[in-house]
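The model shown is predicted, which means the values in this text are computed figures rather than measured ones. Chain naming here is simple, since letters A, B, ... match the order of the sequence lines and numbering starts at 1 in each.
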Amino acid sequence: MHLSKVLKPLSDCSTGELFVIQELKLEGVMRRRLLDLGFVKGAEVSVLQRSPLGDPTAFRVSDTTVALRHEESSKILGEVLGGA
Amino acid sequence: MNVKKIALAGNPNTGKSTLFNTLTGLKQHTGNWPGKTVVHAEGNVQYQGQEYLLIDLPGTYSLFSNSTDEEVARDYIVFEQPDATLVVVDGTSMERNLNLALQVLEMTDKVIICINLIDEAEKKGIVIDEGKLSSKLGVPVVKISARNKQGIDTLLDTIARLLRGDIQTKPYRMTYQPEIEEQIKKLESRVRELIGHDYPSRWMALRLLDGDDALLKKLHEQIQMKGREVKSYEFGNAINS
Ligand SMILES: Nc1nc2c(ncn2[C@@H]2O[C@H](COP(=O)(O)OP(=O)(O)OP(=O)(O)O)[C@@H](O)[C@H]2O)c(=O)[nH]1
Ligand SMILES: [Mg+2]
């Protein structure tokens, strides 16, 4: 096992950052739903825009824009690749 | 005459209704699915003396029944068993769209993948090798532009050949981890004992492992409707063992 970087939740990313998914800390229907929307391990996600009140946030994943609430994006863990 | 049922499935906004309109012209009826507020459209097409009934399914990202739309689309494919299912995918967003395509391939052998919006894909410089995709997925793949009426003849010809049995499909089926495969195997033979070969037993076993109780209930109803004698306790035993 190599020493991996500390994973951070997608919800902590700022606008313009590029993030790669490592893990979904969710189960059941919500997990299924996110997988179907393209939030799978290895997928690259960019943070497009936060709504005025901070929630939800628009993300770009697999050529589509998807808005997620903090409740969901905080359970998607990964690493920041760059951007912003 | 024996009318062949052709279902159109796909992600939202991939051009299913456009293809449906291109194929059926004005010969279509719309209403709701029985007991659902989801729009149901069907229309007739004649091709080389064969009559088809086209069914425009709701657009979904998945078929795991998280919504009424998904339930309607899934139930149609599994219980109504169309003679062919066309999976309409967006050629500019293949990765996302193939998720649903793989799910449909687990449910039925009679699938054609229609890569739509090929005009848009070409504009974006996206090159799709449909031959390679077809051999990987084990089903025919046809590139079309439903709006520009491009590739429609090839599609109709492919449908006709599939229905005649001139094309043999071998749909790609995901292999899961050994533990899961072992459970599928156990469950699948029990499922087959109970429901015969009329339903996709591997897919059904997967759904049971997933704890899809609603599906189990529906299966009961379906089988009762077809007058088969399967008692509930047998199902209980099948999934508990
Ligand atoms: N450029 C291009 N646009 C297309 C093509 N086919 C459909 N469209 C457009 O894509 C949009 C969506 O088409 P629809 O036919 O409504 O898609 P749908 O799959 O029925 O959508 P839902 O029913 O909402 O899931 C429309 O604006 C169509 O005009 C095509 O081949 N090329
Ligand atoms: Mg439509």
(Q) One pair to check against side-chain contact (heavy atoms from CB on, under 4.5 Å): A:D63 and B:M94. What are the steps and the verdict? (A) CA-CA 9 Å; A:D63 297 318; B:M94 294 295 291; over 6 Å; no
If one checks every heavy atom of A:V61 against chain B at 4.5 Å, the contacting part turns out to be both
Criterion side-chain contact (heavy atoms from CB on, under 4.5 Å) on A:D36 and B:Q103, from CA distance to verdict: CA-CA 11 Å; A:D36 288 334; B:Q103 291 182 21; 3.6 Å; yes
Cut-off 4.5 Å, heavy atoms of chain A, and the answer for B:T92 is backbone
Tightest non-hydrogen contact, residues A:S62 and B:S93, listed as O-OG, 3.8 Å
### Message
Quick check on B:E181: does its CD atom have over 12 non-hydrogen neighbours (other residues, nucleotides or ligands) under 6.0 Å away?
### Response
yes
Check: Does a sphere of radius 6.0 Å around CD in A:Q49 hold more than 12 heavy atoms from other residues, nucleotides or ligands, not counting ones at 6.0 Å or beyond?
Finding: no
I'd like to know if B:E70 pairs up with A:R32 as an ion pair, taking the criterion as any Lys NZ or Arg NE/NH1/NH2 lying under 4.0 Å from an Asp or Glu carboxylate oxygen.
no
Taken to the nearest 0.5 Å, the spacing of A:L35 CG from B:F64 CZ works out to 9.5 Å
To the nearest 0.5 Å, atom OG1 of A:T64 lies from atom CG of B:N11 at 8.0 Å
